[in-house]
Visitor: 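Here it is, the structure in full.
Side chains are part of it too, since the values below use all heavy atoms of this structure and drop only hydrogens, waters and symmetry mates.
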Amino acid sequence: MEHIYFPSHDGVTTIHACIWKPEGEIKGVVQIIHGMCEYAERYAPFAEFLNAQGFLVCADDHLGHGQSVRSEDYLGYFNKERSFQTIIADIRALQLAVKKQTEGKPYFIMGHSMGSFFCRKYISLYGGDFNGAIIMGSGFKSKLTLDTALFAVRLNALFCGWRHRSKLIKKLAFGSYNKKFKPARTENDWLSKNPENVDAYERDKLCGFPFTNNGYYILFGIIKQACAHSTIHSVPKDLPVYFVAGADDPVGDYGKGVKKAKDKFVKAGVKDVDITLYDGGRHEILNDFCKDEVMGDILKFINLHI
């Protein structure tokens with residue numbers, strides 16, 4: 001694994017990214033957009049699986065995540081402008097840098113969780129660059145729900161500031177996620193049926209940290225953008241899109257939200273849209289008991305559209 005660094009479009013932060021290169025000739029590229037409260041290196045096992053199949057894999061740590069922070073105080077804080085466009089621009093910078101190295105090789109993009117919503121927005125802007133997109137651990141929320149969430153964050157920030165880490169906002173956003181898994185062993189049981197993954201997540205200081213109001217504002221903002229009619233209709237009609245999620249993932253409303261997102265793409269005229277829901281799988285399907293099946297299915301999708 002190679003570590004690279006480049007200036008963020010926020011003008012002050014250095015972005016950290018990982019590149020996993022295969023031995024021998026590069027068959028294609030997969031760029032990963034990671035989720036909330038995690039970081040690029042967590043995808044190393046998946047990247048190494050793809051390396052063995054001849055694919056180069058890259059992923060950046062978003063602002064407020066992983067090694068793209070100036071100090072721990074910046075974990076969960078994106079940028080003072082509260083602009084999701086800055087994160088989009090950083091993802092674009094990594095893509096353009098990798099494209100220079102790989103000389104026109106087939107290029108795929110994958111986003112997980114929060115990263116899935118960034119991915120959905122990203123392919124509405126740059127979808128013509130890709131051979132396919134994998135949307136993992138995603139869902140669909142109404143404009144009313146997201147406007148209400150954004151109002152709650154603005155109100156909390158008005159009294160407590162944008163750097164405040166609100167337990168109330170966290171409860172409103174994620175408080176119901178463990179309900180199906182009672183009696184829950186931890187507050188993060190919804191992430192994975194595999195207890196070893198949950199425990200590793202909880203031990204990792206770069207995972208599960210409390211988000212700031214700034215972070216929640218961008219999170220809810222990018223979900224709103226991803227679910228907007230205009231965004232979905234801007235996705236290239238000939239771009240293959242593959243939705244994958246755990247059937248027990250609360251982020252996707254236990255499959256209902258994933259199916260709704262998929263149906264929105266189909267209704268928008270995107271010609272090649274597929275979906276797989278994994279029985280018993282929760283949110284982090286690449287770290288759950290179904291991970292081998294998930295990796296195999298993603299590889300089939302990539303090889304089909306290479």
Side-chain angles (χ1 to χ4, degrees), residues 3-19 31-43 58-100 109-130 133 135 138 141 146-147 149-150 153-154 156-157 161-166 169 173 206 209-228 230-231 234-235:
H3 298 273
I4 66 168
Y5 301 86
F6 57 91
S8 170
H9 283 71
D10 73 350
V12 292
T13 306
T14 298
I15 295 294
H16 165 260
C18 301
I19 298 179
Q31 182 169 344
I32 298 171
I33 306 174
H34 73 70
M36 173 185 178
C37 298
E38 59 159 356
Y39 54 98
E41 283 188 68
R42 294 190 77 226
Y43 292 83
C58 62
D60 70 291
D61 290 339
H62 309 316
L63 289 171
H65 292 77
Q67 296 182 47
S68 296
V69 294
R70 284 174 276 173
S71 70
E72 286 189 16
D73 291 341
Y74 282 86
L75 288 170
Y77 178 91
F78 285 99
N79 57 72
K80 65 180 180 180
E81 294 81 15
R82 302 188 293 279
S83 170
F84 67 83
Q85 299 286 7
T86 306
I87 294 87
I88 293 286
D90 291 341
I91 295 168
R92 181 68 170 167
L94 177 61
Q95 182 202 345
L96 294 177
V98 172
K99 281 184 75 174
K100 285 183 180 179
I109 192 159
M110 185 186 93
H112 169 67
S113 192
M114 177 183 74
S116 78
F117 297 104
F118 274 111
C119 188
R120 284 159 60 176
K121 179 63 179 179
Y122 197 78
I123 60 176
S124 78
L125 299 170
Y126 306 111
D129 290 355
F130 302 107
I135 312 297
S138 202
K141 299 295 180 185
L146 293 164
D147 282 342
L150 286 164
V153 174
R154 285 196 300 267
N156 193 278
W162 287 104
R163 289 186 176 274
H164 179 65
R165 302 174 189 270
S166 171
I169 299 297
L206 295 179
F209 47 83
F211 245 32
T212 62
N213 281 327
N214 175 283
Y216 278 118
Y217 191 82
I218 287 182
L219 171 67
F220 297 141
I222 194 61
I223 297 174
K224 181 179 176 181
Q225 281 285 320
C227 295
S230 59
T231 297
S234 296
V235 175

Visitor: Decide yes or no for Phe118 and His34: does some side-chain heavy atom of the first lie under 4.5 Å from some side-chain heavy atom of the second?
Guide: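 When only atoms from C-beta onward are counted, His34 and Phe118 do not touch, as no gap falls below 4.5 Å.
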Visitor: What's the shortest heavy-atom distance between Ala17 and Phe6, and which atoms?
Guide: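 Heavy atoms of Ala17 and Phe6 come nearest at CB-CE2, 4.1 Å.
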Visitor: Identify the heavy atoms of Cys18 and Ala40 that sit nearest to each other, and give their distance.
Guide: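 In this case the closest contact between Cys18 and Ala40 is SG-CB, 4.1 Å.
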Visitor: Quick one: are Ile33 and His112 in side-chain contact, heavy atoms under 4.5 Å?
Guide: no
Visitor: Do the side chains of Tyr39 and Leu75 get nearer than 4.5 Å, heavy atoms only?
Guide: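 Side chain of Leu75 against side chain of Tyr39, heavy atoms only: no contact under 4.5 Å found.
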Visitor: Within 45° of the axis and under 6.0 Å from the centre of the six-membered ring of Phe117, does NZ or CZ of Arg120 qualify?
Guide: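 Because its charged atom misses either the 6.0 Å distance or the 45° angle limit, Arg120 does not stack over Phe117.
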Visitor: Walk me through it: do Cys58 and Leu94 pass the test side chain to side chain contact (heavy atoms under 4.5 Å, CB included)?
Guide: CA-CA 8 Å; Cys58 62; Leu94 177 61; 4.1 Å; yes
Visitor: Which pairs count as side chain to side chain donor-acceptor pair (under 3.5 Å) when at least one residue sits in residues 77-89, sequence neighbours excluded?
Guide: none
Visitor: Between CG of Leu206 and SG of Cys37, what distance do you get to the nearest 0.5 Å?
Guide: 10.5 Å
Visitor: Only one of Asp10, Leu63, Ile87, Ile4 clears side chain to side chain contact (heavy atoms under 4.5 Å, CB included) with Ile15; which?
Guide: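 Of the listed residues Asp10, Leu63, Ile87, Ile4, the side chain to side chain contact (heavy atoms under 4.5 Å, CB included) partner of Ile15 is Leu63.
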Visitor: Can you list everything that forms a side-chain hydrogen bond (donor to acceptor under 3.5 Å, both in side chains) with Arg42? Sequence neighbours excluded, please.
Guide: Glu38, Glu284
Visitor: Is there side-chain contact between Lys121 and Ile88, with heavy atoms separated by less than 4.5 Å?
Guide: yes
Visitor: Going through the distances and angles, do Gln31 and Val98 end up as a side chain to side chain contact (heavy atoms under 4.5 Å, CB included)?
Guide: CA-CA 9 Å; Gln31 182 169 344; Val98 172; 5.7 Å; no
Visitor: Nearest 0.5 Å, what's the CG-NE2 distance between Asp60 and His65?
Guide: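 Taking CG in Asp60 and NE2 in His65, the distance rounds to 10.5 Å.
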Visitor: Using the test side-chain contact (heavy atoms from CB on, under 4.5 Å), find all partners of Lys141 that sit at least two apart in sequence or belong to another chain.
Guide: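 Lys141 satisfies side-chain contact (heavy atoms from CB on, under 4.5 Å) with Leu146, Ile223, Asp253 once adjacent residues are dropped.
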Visitor: What's the shortest heavy-atom distance between Ile109 and Tyr122, and which atoms?
Guide: CD1-CD2, 3.6 Å
Visitor: Could you go step by step and tell me if Ser116 and Ser138 meet the side chain to side chain donor-acceptor pair (under 3.5 Å) rule?
Guide: CA-CA 6 Å; Ser116 78; Ser138 202; 2.8 Å; yes
Visitor: Atom CZ of Phe211 and atom CD1 of Ile169: how far apart are they, to the nearest 0.5 Å?
Guide: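 Phe211 CZ to Ile169 CD1: 13.0 Å, rounded to 0.5 Å.
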Visitor: Does His16 reach the side chain of Glu41, with side-chain heavy atoms less than 4.5 Å apart?
Guide: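 Side-chain contact under 4.5 Å: yes.
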Visitor: Give, for atom CD1 of Ile32 and atom CD1 of Ile91, the distance between the pair rounded to the nearest 0.5 Å.
Guide: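 Between Ile32 CD1 and Ile91 CD1, I get 12.5 Å after rounding to 0.5 Å.
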Visitor: Going by side-chain contact (heavy atoms from CB on, under 4.5 Å), name the residues that satisfy it together with Ser230, two or more places apart in sequence or in a different chain.
Guide: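 Applying side-chain contact (heavy atoms from CB on, under 4.5 Å) to Ser230 gives Ala228.
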Visitor: Rounded to the nearest 0.5 Å, what separation is found between the CG atom of Asp90 and the OG atom of Ser68?
Guide: 8.0 Å
Visitor: Ala133 and Ile123: which non-hydrogen atoms are nearest, and at how many Å?
Guide: CB-CG2, 4.0 Å
Visitor: Could you check, using the six-membered ring where one of them is a Trp, whether His164 and Tyr216 have ring centers closer than 6.0 angstrom?
Guide: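 Not under 6.0 Å, so no.
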Visitor: Would you check if Gln95 and Phe130 make a side-chain contact, meaning some heavy-atom pair closer than 4.5 Å?
Guide: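 When only atoms from C-beta onward are counted, Phe130 and Gln95 do touch, with a gap below 4.5 Å.
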Visitor: Counting C-beta onward and ignoring hydrogens, is there a side-chain heavy-atom pair between Ser166 and Asn213 closer than 4.5 Å?
Guide: yes
Visitor: Looking at residues at least two apart in the chain, or sitting in another chain, which of them share a side-chain contact (heavy atoms from CB on, under 4.5 Å) with Ser234?
Guide: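 Checked Ser234 against side-chain contact (heavy atoms from CB on, under 4.5 Å); matches are Ser124.
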Visitor: What distance do Ile222 atom CD1 and Met114 atom CE have between them, rounded to the nearest 0.5 Å?
Guide: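 Interatomic distance, Ile222 CD1 to Met114 CE, rounded to 0.5 Å: 9.5 Å.
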Visitor: What residues form a side-chain contact (heavy atoms from CB on, under 4.5 Å) with Leu150, not counting sequence neighbours?
Guide: Asp147, Arg154, Tyr217, Phe220, Lys224
Visitor: Hey, are Asp129 and Arg92 close enough for a salt bridge, meaning a charged N less than 4.0 Å from a carboxylate O?
Guide: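 Salt bridge flag = yes for Arg92 with Asp129.
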